[in-house]
Amino acid sequence: MSLKDIRDRVKNDLETKDLILDDNDLMIVDRYLNIRNQIKDGYKPILKTDPYIEIVYIPTKERLEEEKLSKLKNNLLVFESDIYLQDADIENFEIFNDEREKIKKIALDFVKNYDENVYQKGLYIYGKYRTGKTYILSAIANHLAKNDCQVLLVFMPDLVRTIKQGISDGTMESKINLLKQTEVLMIDDIGGENITAWFRDEILLPILQYRLSAKLTTFFSSNLDYNNLTQSLSQGSKTEHDFVKAVRVIQRIRELTTYIKLDDKQYK
């Protein structure tokens, strides 16, 4: 193709027709037109004209979303959790009763209005096994992560185990600080693991107190309502000491969240 043919091609293209080009720049633009629609490893070429003509590669929308979600996945790896549901979407949350319609609306309103500079309470989602508690948490986390929010979603039994491991490998403090300071914390299945008095009083309570004082959004899901969770956290002890300690945790959870129940109808 001659220079004249290339120049004609450039002049007939809507994106490049108004460019004033010398022969060197003309060849760069011609190369750009050849590769304009090619995407490689999530990056696409664009033509920059200021301060000079050059081809640069920028991430696609899909690549940017993938990178944002990878941060969420990386946080899950810290706590060795595998609960993250990559395709969870609030819009796909199944509606077959008023309670589910209510939580879907609350979730949509939350992500629509979320502003890191304006505190919003999280949710305490109570329901029996397989009612969709983890799904709705994952869907909210998905949406927030795509909008550059730092989200940490942890499964309570995994959390207990990795904190214990952190005592021996020296990572406990950094993990606790992450739980305290992350922008949005989601604890899935609280009450699903029998925790020690030490974990309750020295780990869980300080995390919740910090987040309450710092006005950081916190979510929970559980198979237990507030009253039964109190009993679980007091370890069935008849001593006033354990009951009072458990109540303190529940008080922080109440202040951090809005309680909502999910129907116990099973997914098919």
**OP:** Please report the C-alpha distance between Thr162 and Lys175 in whole Å, then the side-chain angles of each, then the deciding distance to 0.1 Å, and finally whether the side-chain contact (heavy atoms from CB on, under 4.5 Å) criterion is met.
**Re:** CA-CA 9 Å; Thr162 54; Lys175 289 175 179 176; 3.9 Å; yes
**OP:** Would you sort out whether Tyr57 and Ile35 count as a side-chain contact (heavy atoms from CB on, under 4.5 Å), showing the intermediate values?
**Re:** CA-CA 11 Å; Tyr57 287 83; Ile35 65 172; 3.3 Å; yes
**OP:** Please assess Arg7 against Leu26 for the test side-chain contact (heavy atoms from CB on, under 4.5 Å), listing each intermediate value before the final yes or no.
**Re:** CA-CA 7 Å; Arg7 196 170 291 279; Leu26 181 68; 3.6 Å; yes
**OP:** Please lay out, stage by stage, how Leu64 and Glu67 fare under the test side-chain contact (heavy atoms from CB on, under 4.5 Å).
**Re:** CA-CA 5 Å; Leu64 287 172; Glu67 289 176 353; 4.0 Å; yes
Subject >> Steps toward salt bridge (charged side-chain N to carboxylate O under 4.0 Å, His left out) verdict (Arg9, Asp13) >> reply: CA-CA 6 Å; Arg9 179 193 184 195; Asp13 187 271; over 6 Å; no
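Between Thr16 and Val10, the closest heavy-atom pair is OG1-O, 2.8 Å. For Ile167 against Met172, the heavy-atom pair with the smallest separation is CG1-SD, 3.5 Å. Glu54 approaches Ile28 most closely through the heavy-atom pair CA-CG2, 4.3 Å. A pairwise comparison of heavy atoms in Asp22 and Asp25 identifies OD1-N, 2.8 Å as the closest pair. Listed here is the closest heavy atom pair of Leu108 and Val111: O-CG2, 3.3 Å. Taking all atoms of both residues into account, the shortest heavy-atom contact from Ser221 to Lys133 is CB-CB, 3.9 Å.
Formation of a donor-acceptor pair under 3.5 Å by the Thr217 side chain with backbone atoms of Gln120 is found in this model. Asn12 places a side-chain N or O within donor-acceptor distance of the main-chain N or O of Asp8, the cut-off being under 3.5 Å. For the pair Ser222 (side chain) and Ile190 (backbone), a donor-acceptor distance under 3.5 Å is present. Thr182 places no side-chain N or O within 3.5 Å of a backbone atom of Leu179 that could act as its donor or acceptor partner. Formation of a donor-acceptor pair under 3.5 Å by the Asn147 side chain with backbone atoms of Cys149 is not found in this model. The backbone N or O of Ile58 lies less than 3.5 Å from no partner atom in the side chain of Arg63, so there is not a single donor-acceptor pair. Side chain of Ser232 to backbone of Asn228: no donor-acceptor contact under 3.5 angstrom is found.
Counting heavy atoms from C-beta outward, Met186 and Leu152 have side chains that stay 4.5 Å or more apart. For the pair Val160/Met156, a side-chain contact is recorded, criterion being any heavy-atom separation below 4.5 Å from C-beta on. Looking at Leu216 and Tyr210, their side chains come closer than 4.5 Å, going by heavy atoms from C-beta outward. In this structure the side chain of Tyr114 reaches within 4.5 angstrom of the side chain of Val184, judged on heavy atoms. The closest side-chain heavy-atom distance from Leu233 to Leu229 is below 4.5 Å. A 4.5 Å side-chain heavy-atom check between Ile55 and Ile46 finds every atom pair outside the cut-off.
In this structure, CD1 on Ile207 lies 9.5 Å from CG on Asn177, to the nearest 0.5 angstrom. Rounded to the nearest 0.5 angstrom, Glu94 CD and Phe96 CZ are separated by 6.0 Å. A distance of 8.0 Å separates CG of Asn97 from CG of Leu262, quoted to the nearest 0.5 Å. With values rounded to the nearest 0.5 angstrom, Leu178 atom CG is found 11.0 Å from Thr171 atom OG1. Between Thr60 atom OG1 and Glu66 atom CD the span is 8.0 Å, to the nearest 0.5 Å. One distance of note links CE of Met27 with CD1 of Ile53; it measures 14.0 Å at 0.5 Å rounding.
Remark: Lys105 engages Asp109 in a salt bridge, criterion side-chain N to carboxylate O under 4.0 Å. Residues Asp158 and Arg161 are paired through a salt bridge, judged by an N-O separation under 4.0 Å between the basic side chain and the carboxylate. Asp242 has a carboxylate O that lies under 4.0 Å from a charged side-chain N of Arg200, or vice versa, which qualifies the two as a salt bridge.
The one candidate from Arg248, Arg252, Glu255 that meets the side-chain hydrogen bond (donor to acceptor under 3.5 Å, both in side chains) condition with Gln209 is Arg252.
Counting heavy atoms of neighbouring residues, nucleotides and ligands inside a 6.0 Å radius, atom NZ of Lys44 does not exceed 12 of them. The 12-atom threshold is not exceeded at OH of Tyr52, counting heavy atoms of other residues, nucleotides or ligands nearer than 6.0 Å. Asp98 CG: 12 or fewer foreign heavy atoms inside a 6.0 Å radius.
Centroid-to-centroid, the aromatic rings of Tyr226 and Tyr124 come within less than 6.0 Å. The distance between the ring centers of Phe220 and Tyr259 does not fall below 6.0 angstrom.
A cation-pi contact, defined as under 6.0 Å to the ring centre and within 45° of the axis, is absent between Lys104 and Phe93.
Of the N and O atoms on the side chains of Glu15 and Tyr32, at least one donor lies less than 3.5 Å from an acceptor on the other residue. A donor-acceptor contact closer than 3.5 angstrom links the side chains of Ser2 and Asp5.
Grouping the Ile, Leu, Val, Met, Phe, Trp and Tyr side chains by contacts below 4.5 angstrom, directly or via other members, places Met1 with Leu21. With hydrophobic clusters built from ILVMFWY side chains whose heavy atoms lie under 4.5 angstrom apart, Ile39 does not share a cluster with Leu47. Note: the hydrophobic cluster containing Phe219 also contains Ile106 (ILVMFWY, side chain heavy atoms under 4.5 Å, direct or indirect links). Trp198 is connected to Ile250 through a chain of hydrophobic side-chain contacts under 4.5 Å among Ile, Leu, Val, Met, Phe, Trp and Tyr, so both are in one cluster.
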